[in-house]
Trainee: 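Pasting a structure here, questions to come.
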Amino acid sequence: MDKLINFLLVAVFFTITIHSTKGHLFFGSCPELLTAENFTVSDIEGTWYEIEALGSFIERRFTKCNSPTFITKSKDKLNVEYSRVSWPTGRLVSKGFGKVLKGGQLELFFSLPGVGMQSFQYHILAIEKNNYAVAWSCTQLPLMHMQKAWILSRSTSLDDETLGKVHDIVEFNGLNRNSFVKVKQTNCQTGLNVAEENSIEGEDFASAIENLV
């Protein structure tokens with residue numbers, strides 16, 4: 001029994017250690033946050049730029065010019081392209097797809113090298129479709145949960161008044177604005193050796209879902 005307990009403790013430790021490189025860890029269960037009212041998939045369509053992010057050490061130190069693009073396929077389905085410049089590999093583009101679960105709750109799917117198809121929740125907490133959006137994700141782990149969040153803009157910067165408004169939204173949802181870090185959106189033409197990290201191009205949504213089963 002002691003060996004089993006020790007094994008489980010080690011497994012939990014390694015799970016937490018691995019996920020700590022991906023986002024912020026908190027004790028307990030994922031909180032339930034309200035999503036944007038009257039959200040439609042067309043609201044998020046197009047290219048966005050990350051202004052600030054609550055994420056991992058790797059994202060904070062080794063990537064810049066992070067930019068998701070959402071391409072509407074139907075009223076509740078979309079394709080996603082996530083571009084960023086990463087040191088030392090240069091520009092990476094991850095391609096995936098998603099669906100609207102309800103309201104501003106989306107589920108996104110990406111095929112990760114060596115891992116396979118992975119999904120995660122992507123909740124839109126607030127959005128002005130031509131200006132800004134606040135997105136949030138939470139993954140439940142043993143004894144803990146991992147949160148990530150993003151302040152997005154239609155341009156590579158937000159004016160102080162709008163950013164202040166967005167920070168109020170962040171804090172209203174119980175997120176610590178001081179834990180967010182600025183995402184660099186300068187010199188984004190460097191590292192143009194574009195690598196497609198993953199791609200499901202040419203595979204429609206229905207067949208991709210079938211491959212998950």
Side-chain angles (χ1 to χ4, degrees), residues 19-24 41 43-72 78-98 106 108-115 118-139 146-167 169-170 175-201:
H19 281 85
S20 68
T21 66
K22 301 179 180 179
H24 277 228
V41 69
D43 292 338
I44 201 169
E45 184 176 22
T47 297
W48 296 83
Y49 301 90
E50 291 183 11
I51 304 302
E52 294 183 6
L54 173 70
S56 70
F57 171 83
I58 293 176
E59 288 176 319
R60 294 197 304 267
R61 300 298 182 186
F62 297 108
T63 68
K64 67 176 184 176
C65 306
N66 304 44
S67 176
T69 297
F70 299 90
I71 304 160
T72 300
L78 63 156
N79 287 344
V80 188
E81 294 185 2
Y82 185 64
S83 172
R84 67 274 192 207
V85 175
S86 176
W87 181 89
T89 56
R91 186 175 298 279
L92 293 174
V93 180
S94 301
K95 295 185 178 182
F97 59 94
L106 284 68
L108 303 184
F109 299 83
F110 287 94
S111 179
L112 304 180
V115 179
Q118 298 291 304
S119 68
F120 69 98
Q121 304 293 308
Y122 192 84
H123 293 188
I124 308 300
L125 304 183
I127 188 169
E128 286 188 4
K129 62 182 297 182
N130 296 317
N131 193 3
Y132 68 83
V134 179
W136 172 79
S137 177
C138 187
T139 302
M146 179 187 71
Q147 293 190 46
K148 302 181 73 173
W150 304 266
I151 294 174
L152 307 174
S153 173
R154 287 296 190 183
S155 61
T156 56
S157 64
L158 281 175
D159 60 80
D160 291 342
E161 181 179 356
T162 303
L163 188 57
K165 177 181 178 180
V166 174
H167 283 158
I169 294 171
V170 165
L175 305 175
N176 184 357
R177 57 176 281 190
N178 294 322
S179 296
F180 282 69
V181 296
K182 292 182 178 180
V183 178
K184 293 181 180 179
Q185 292 289 352
T186 57
N187 298 321
C188 293
Q189 297 305 310
T190 60
L192 289 180
N193 50 319
V194 177
E196 288 196 359
E197 187 181 56
N198 55 73
S199 177
I200 57 168
E201 204 166 32

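It should be emphasised that the depicted structure is a prediction, and the values quoted were computed from it without experimental measurement.
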Trainee: So, Thr69 and Thr47: side-chain donor and acceptor under 3.5 Å apart, yes or no?
Mentor: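 Distance-only check passes for Thr69 and Thr47.
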Trainee: Run Arg91 and Ser83 through side chain to side chain contact (heavy atoms under 4.5 Å, CB included) and show every step you take.
Mentor: CA-CA 7 Å; Arg91 186 175 298 279; Ser83 172; 2.9 Å; yes
Trainee: Would you compute the distance between atom SG of Cys65 and atom CG of Leu92 and round it to the nearest 0.5 angstrom?
Mentor: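 With rounding to 0.5 Å, SG (Cys65) is 12.0 Å from CG (Leu92).
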Trainee: Ser94 and Phe110: which non-hydrogen atoms are nearest, and at how many Å?
Mentor: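 Closest approach of Ser94 to Phe110, heavy atoms only: O-CE2, 3.8 Å.
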Trainee: So, taking the atom named CD in Glu45 and the one named CG in Asp43, what distance separates them when rounded to the nearest 0.5 Å?
Mentor: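 Nearest 0.5 Å value for the CD-CG distance: 10.0 Å.
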Trainee: Heavy atoms only: give me the nearest Thr72-Leu78 pair and the separation to one decimal.
Mentor: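 Shortest heavy-atom separation between Thr72 and Leu78 comes out as CA-CB, 4.2 Å.
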Trainee: Search all heavy atoms of Tyr49 against all heavy atoms of Arg154 and return the closest pair with its distance.
Mentor: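 In terms of heavy atoms, the two residues are closest at CE1-O, 3.4 Å.
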Trainee: For Glu128, check salt bridge (Lys or Arg N to Asp or Glu O under 4.0 Å) against everything at least two apart and list the hits.
Mentor: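 Salt bridge (Lys or Arg N to Asp or Glu O under 4.0 Å) list for Glu128, sorted by chain: Lys165.
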Trainee: Measure up the Phe70 and Tyr122 rings against each other and bin them: parallel (under 30°), tilted (30 to 60°), perpendicular (over 60°).
Mentor: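 Aromatic pair Phe70/Tyr122 classed tilted.
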Trainee: Specify the closest pair of heavy atoms between Val93 and Glu81, including all atoms of both residues, with the distance to one decimal.
Mentor: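 It is CG1-CB, 4.5 Å.
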Trainee: So, do His167 and Glu52 sit near enough that their side-chain heavy atoms are less than 4.5 Å apart?
Mentor: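 Yes; the side chains approach each other to less than 4.5 Å.
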Trainee: Would you indicate whether the side-chain heavy atoms of Ile151 and Leu158 approach each other to under 4.5 Å?
Mentor: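 Yes. Closest side-chain heavy atoms under 4.5 Å.
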Trainee: Only counting residues at least two apart or in another chain, list the ones meeting salt bridge (Lys or Arg N to Asp or Glu O under 4.0 Å) with Lys184.
Mentor: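 Result, salt bridge (Lys or Arg N to Asp or Glu O under 4.0 Å) vs Lys184: none returned.
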Trainee: Between Lys148 and Leu54, does a side chain to side chain contact (heavy atoms under 4.5 Å, CB included) hold up when you go through it step by step?
Mentor: CA-CA 5 Å; Lys148 302 181 73 173; Leu54 173 70; 5.9 Å; no
Trainee: Pair Ile127, Trp48 - check side chain to side chain contact (heavy atoms under 4.5 Å, CB included), show working.
Mentor: CA-CA 12 Å; Ile127 188 169; Trp48 296 83; 4.0 Å; yes
Trainee: Of the non-hydrogen atoms in Ile124 and Ala135, which two are nearest, and what is the gap between them?
Mentor: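 For Ile124 and Ala135, the tightest heavy-atom pair comes out as CD1-CB, 4.1 Å.
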Trainee: Once you round to the nearest 0.5 Å, how far does SG of Cys188 lie from NZ of Lys64?
Mentor: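 If I round to the nearest 0.5 Å, the distance is 6.0 Å.
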Trainee: Return the CG to CD distance between Asn66 and Gln185, rounded to the nearest 0.5 Å.
Mentor: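 The CG atom of Asn66 sits 6.5 Å away from the CD atom of Gln185.
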Trainee: Checking Arg84 against Val183 for the side chain to side chain contact (heavy atoms under 4.5 Å, CB included) test, could you report, in this order, the C-alpha distance in whole Å, the side-chain angles of both residues, the deciding distance, and whether it holds?
Mentor: CA-CA 10 Å; Arg84 67 274 192 207; Val183 178; over 6 Å; no
Trainee: Nearest 0.5 Å please: distance from the OG1 atom of Thr139 over to the CE atom of Met146.
Mentor: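 Thr139 atom OG1 to Met146 atom CE measures 4.0 Å (nearest 0.5 Å).
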Trainee: Hey, could you give me the CD/OG distance between Glu50 and Ser153, rounded to the nearest 0.5 Å?
Mentor: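 Going from CD on Glu50 over to OG on Ser153, the span is 11.5 Å.
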Trainee: Hey, can you tell me if Trp150 and Phe120 have their rings parallel, tilted or perpendicular (30° and 60° cut-offs)?
Mentor: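 Judged by the thresholds at 30° and 60°, the geometry between Trp150 and Phe120 is tilted.
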